[in-house]
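Just so you know, these numbers use all the heavy atoms, side chains as well, and skip hydrogens, waters and symmetry mates. In listed order, ligands and their atoms are each counted from 1. Numbering starts at 1 and runs along the sequence shown.
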Amino acid sequence: MSGAESVLEADGVRRALGGAPVLDGASISIRKNRVTALLGPSGSGKSTLVRVLAGLEQIDSGEVRAGQRLLSTPSRVTPPEKRGVGVVFQDYALFPHLNARANVAFGLSKYPARQRKARANELLEMVALGHRADAFPHELSGGEQQRIALARALAPSPRAILMDEPFSNLDGELRRTTRDRAKEVLAHAEAAALIVTHDVEEAMALADELALMSQGRVIQTGAPADVYLNPVSPAAARLTGEVNIWSGSVTGGRLRTPFADLAAGGVPDGATAAALVRPEGASLVTGGDLTVISSRPFGAYARIEVAPDVGAPVWSVRAPVADAPQAGERVSMHIEPAYARVCAV
Ligand code: ADP
Ligand code: MG
């Protein structure tokens with residue numbers, strides 16, 4: 001999603017820790033008025049990338065910039081307090097001996113006292129906690145503490161705000177409402193935000209732009225629906241949901257799988273390619289060469305497993321419960337092109 005101005009970016013950043021490469025050429029842009037969700041499995045380097053962007057971690061190669069201004073190179077790191085970057089950590093890191101208002105005012109030392117208080121009150125109102133200004137962190141619920149941490153990070157009007165798994169200490173409905181409120185607050189503040197998560201649903205709910213991280217690299221970036229529907233690799237497809245995968249050689253512009261034939265979409269003949277098909281993009285019709293291995297209802301949808309033969313590779317299909325064939329039936333598969341991609345591997 002280009003267009004919006006990039007306010008903070010990492011470019012080809014490498015960083016080894018404990019002898020192992022944790023960041024392996026990671027690049028990301030955080031844009032004005034956009035929430036970028038950084039989605040990746042545990043250990044993929046998300047927190048290290050946040051620390052690099054915040055100036056809390058050195059880099060071995062690459063650079064971090066704010067516009068034209070260099071913030072990190074292998075030889076020099078602008079310290080966190082001089083970057084104009086706000087950070088919200090997983091555990092919030094509120095000061096236990098300061099009340100909510102004083103926590104929010106903490107980063108405003110360059111303002112006169114009256115202005116500090118006014119700005120802190122403004123931010124408390126923004127996160128709908130004006131009535132809790134005098135409460136100490138231990139008197140606040142987990143969701144309220146999270147909102148105070150967000151208000152504190154936004155108070156000095158940073159160029160970008162970085163949130164590392166900010167909702168992971170909250171459960172269920174509270175997690176969803178806190179997340180939705182944070183999204184509203186960030187939109188109202190016209191912030192450039194990076195939110196780290198390992199939860200696909202959370203990433204999709206928050207993201208104007210979705211960035212996928214795997215093994216120390218950002219492997220795909222774009223609008224969430226586009227990233228979901230047009231994965232660049234099997235790894236990218238797996239990060240955003242369930243996917244059926246078949247690898248083979250392209251012939252005559254097509255990739256033939258035991259399940260269906262797919263247009264190779266520009267991958268040249270002779271190249272090895274992977275078919276990536278979402279379960280909701282496949283439908284089954286009675287009669288054919290495939291066997292239904294299992295068929296189970298999951299609420300409104302049934303999850304159906306089909307295979308060319310018993311013991312052969314299995315693909316998953318999602319179908320409305322009322323239309324689901326039963327185990328043992330013979331079927332053939334139709335694939336909706338929007339939910340299928342063929343990419344070179
Ligand atoms: P994520 O936030 O995606 O879970 P991290 O950035 O925390 O990933 O860590 C990525 C990898 O780097 C992990 O395997 C972790 O063990 C390793 N790592 C992180 N920090 C250090 C460190 N200071 N020393 C050694 N290894 C580290
Ligand atoms: Mg982490």
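- Looking at A20 against ligand 1, nothing comes within 4.0 Å, counting heavy atoms.
- The shortest side-chain heavy-atom distance between I148 and L124 falls under the 4.5 Å cut-off.
- Among protein heavy atoms, atom 8 (O) of ligand 1 sits closest to G45 N, 3.2 Å.
- The nearest pair of heavy atoms linking R175 to L170 is CD-O, 3.3 Å.
- At least one cation-pi condition fails for R318 and F298: the charged atom is not both under 6.0 angstrom from the six-membered ring centre and inside a 45 degree cone around its axis.
- Distances below 4.0 Å separate heavy atoms of S42 from the following atoms of ligand 1: 4 (O).
- Residues Q146 and T178 have side chains that never bring a donor and an acceptor to within less than 3.5 angstrom of each other.
- At the shortest separation from atom 7 (O) of ligand 1 among protein heavy atoms lies S47 CB, 3.6 Å.
- Counting heavy atoms under 4.0 Å from ligand 1, residue L17 touches it through both backbone and side chain.
- For G40, the closest heavy-atom approach to ligand 1 does not fall below 4.0 Å.
- S47 lies close to the Mg ion (ligand 2), since one of its N, O or S atoms is found at a distance under 2.8 Å.
- Summary of contacts: the protein heavy atom closest to atom 9 (O) of ligand 1 is T48 OG1, 3.9 Å.
- Residue G216 places every heavy atom at 4.0 Å or more from ligand 1.
- Counting only heavy atoms, the protein gets under 4.0 Å from atom 5 (P) of ligand 1.
- Within the 4.5 Å cutoff, the side chain of Y301 has no heavy atoms near those of the E280 side chain.
- Remark: minimum distance from atom 12 (O) of ligand 1 to any protein heavy atom is reached at V22 CG2, 3.1 Å.
- Side-chain contact check for T221 versus T36: every heavy-atom pair is 4.5 Å or farther apart.
- In terms of protein heavy-atom proximity, atom 14 (O) of ligand 1 is nearest to G43 O, 4.2 Å.
- The only option from V331, V317, T286 that meets the side chain to side chain contact (heavy atoms under 4.5 Å, CB included) definition with P325 turns out to be V331.
- The minimum heavy-atom distance between Q220 and V232, with the atom names listed, is OE1-N, 3.1 Å.
- Counting only heavy atoms from C-beta outward, the side chains of L276 and C343 approach each other to under 4.5 Å.
- Below 4.0 Å from some heavy atom of P41 lie the following atoms of ligand 1, by number and element: 3 (O).
- Under the 4.0 Å distance rule, the nearest protein heavy atom to atom 21 (C) of ligand 1 falls inside the cut-off.
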